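Below: one structure, written as structure tokens.
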Amino acid sequence: MYTAHPDRYAEMPYRRTGRSGLKLPALSLGLWHNFGPDRPVETQRAILRRAFDLGVTHFDLANNYGPPPGSAESALGEALKTDFAPYRDELVISTKAGYLMWPGPYGEWGSRKSLLSSLDQSLSRMGLEYVDIFYSHRPDPDTPLEETMGALHTAVQQGKALYVGVSNYSPEQTREAARILAGLGTPLLIHQPRYSMLDRRPETSGLLDALDELEVGSIAYSPLEQGLLTGRYLNGIPEDSRAASDSPFLNSDAVTEELVGKLRALNEIAGSRGQSLAQTALAWVLRQGRVTSALVGASSPRQLEDSVAAIGNLDFDADELARIDKIVLG
């Protein structure tokens, strides 16, 4: 029987999410990959246990995570029963709906029918009565935003979610979503954008500014840019890497000589900070406190430990930030 480490809260910093009372760990565990049936169950459980022992109290999912879709939630459900039942109130568990999950017109997007049906399915797979955060995973161009936000509000009213969030929404859509939710009495807690040293869109689009003004939290996904910022690509494309498999999320054409040169230069800065490239990339996302938490994946407990070690140095001086910008932006 798993017993959590008694000092699990000793090192991890926790940040208040927007103007809410909810605090999230600086690093959260995303179950996007590595939690399907192609991965050993014992490895999955070891990652989850090690995460919690290190103070990573937030597990982030979506209905379609796996692969196949739904399998990550099922895997977490088994781990909750075997390892984490005594610790449910110490965990923040989130899930999302919006991308394709089942056939037909109700298996994706943002209708009330789709979102609430998906949430019921997610709760069943995880064996939970509620999730802590339920997200609209992407905006629906054909459904009124009032309907999508109304469904999130209903999830809270039904006691199936404590908080609600949005992901992949533009600054304008986020402002409108926050306005609608405020009118319903269910505040927008958090936005989950893609954000990394190599992907600055939350800055350039004004999203981070909007979240600051709205007092809404943020949690960055892909802070390691699909593995590019882990240091695995410093000498090209490894045979067993995501880029070598021509994944839809990262293909070999993206790993150019110019990019490899940038990664090597960034790695030099990381070395001068006493960090791995991955640790510096995570620290960069968390700098200045504008981002509440950064989502990391892990294929092993050791990889997770390397990511969590980033919290040892989250500060950058002006020269470091200028050098990073010059390398990435030119």
Side-chain angles (χ1 to χ4, degrees), residues 15 24-34 56 58 60 62 137-138 167-171 190-212 217-234 237 241-243 247-251 253-256 258-271 273 275-299 303-304 306-311 313-316 320-330:
R15 297 178 171 187
L24 293 180
L27 293 175
S28 299
L29 179 64
L31 278 68
W32 182 23
H33 296 297
N34 303 317
V56 179
H58 179 208
D60 178 80
H137 207 165
R138 60 173 171 172
S167 182
N168 300 305
Y169 277 52
S170 71
I190 194 166
H191 188 298
Q192 187 173 132
R194 179 169 177 160
Y195 183 42
S196 74
M197 285 198 291
L198 299 178
D199 188 342
R200 306 291 186 92
R201 284 175 293 178
E203 296 176 9
T204 58
S205 70
L207 178 63
L208 292 183
D209 291 336
L211 297 179
D212 287 344
S218 60
I219 179 167
Y221 75 86
S222 292
L224 300 180
E225 201 59 31
Q226 296 296 316
L228 288 174
L229 292 168
T230 62
R232 295 200 70 202
Y233 296 88
L234 296 175
I237 303 175
S241 67
R242 188 171 296 173
S247 159
F249 305 105
L250 178 66
N251 59 58
D253 292 341
V255 188
T256 63
E258 179 185 7
L259 176 61
V260 171
K262 290 181 178 181
L263 297 178
R264 288 173 176 167
L266 291 171
N267 190 55
E268 289 182 10
I269 294 176
R273 290 170 51 83
Q275 292 181 317
S276 67
L277 177 57
Q279 290 164 354
T280 292
L282 292 170
W284 183 90
V285 166
L286 293 166
R287 76 198 189 286
Q288 302 171 340
R290 298 188 78 187
V291 170
T292 313
S293 184
L295 276 170
V296 296
S299 59
Q303 186 181 38
L304 178 71
D306 182 76
S307 293
V308 171
I311 65 175
N313 183 10
L314 298 179
D315 296 322
F316 290 81
E320 288 175 323
L321 292 174
R323 287 167 63 199
I324 289 170
D325 284 350
K326 185 174 182 180
I327 292 166
V328 174
L329 304 176

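The structure displayed is predicted, hence computed values, not measured ones.
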Open item on the list: Can you classify the ring geometry of His191 versus Tyr169 as parallel (below 30°), tilted (30 to 60°) or perpendicular (above 60°)?
Closed with: perpendicular
Open item on the list: Within this structure, what is the CG-CD distance for the pair Leu263 and Glu258, rounded to the nearest 0.5 Å?
Closed with: 10.5 Å
Task: Asn313 and Gln275: side chain donor to acceptor below 3.5 Å - done: no
Open item on the list: Less than 3.5 Å apart, any donor N or O on the side chain of Gln192 or Ser167 sitting next to an acceptor on the other?
Closed with: no
Task: Ser170/Leu207 under side chain to side chain contact (heavy atoms under 4.5 Å, CB included): CA gap, chis, key distance, verdict - done: CA-CA 7 Å; Ser170 71; Leu207 178 63; over 6 Å; no
Task: Expected output: side-chain Ser222 to main-chain Arg194 donor-acceptor under 3.5 Å - done: no
- [ ] Using the test salt bridge (Lys or Arg N to Asp or Glu O under 4.0 Å), find all partners of Arg15 that sit at least two apart in sequence or belong to another chain.
- [x] none
Task: With sequence neighbours excluded, residues passing side-chain hydrogen bond (donor to acceptor under 3.5 Å, both in side chains) with Arg290 - done: Asp209, Asp212
Open item on the list: So that I can tick it off, tell me whether Arg287 and Glu203 are bridged by a salt bridge, with the cut-off set at under 4.0 angstrom between side-chain N and carboxylate O.
Closed with: yes
Task: From Ser307 atom OG to Leu29 atom CG, the distance as rounded to the nearest 0.5 Å - done: 9.5 Å
Open item on the list: With a 3.5 Å distance limit and no angle check, can you tell me whether Arg264 reaches the backbone of Leu234 through a side-chain donor-acceptor pair?
Closed with: yes
Task: From CG (Leu31) to CG (Asp60), nearest 0.5 Å - done: 8.0 Å
Open item on the list: When you measure from the centre of the six-membered ring of Phe316, is the NZ or CZ of Arg273 closer than 6.0 Å and no more than 45° off the axis?
Closed with: yes
TODO: Ignoring hydrogens and angles, tell me if any N or O in the side chain of Ser293 forms a donor-acceptor pair with the backbone of Ala26 under 3.5 Å.
DONE: yes
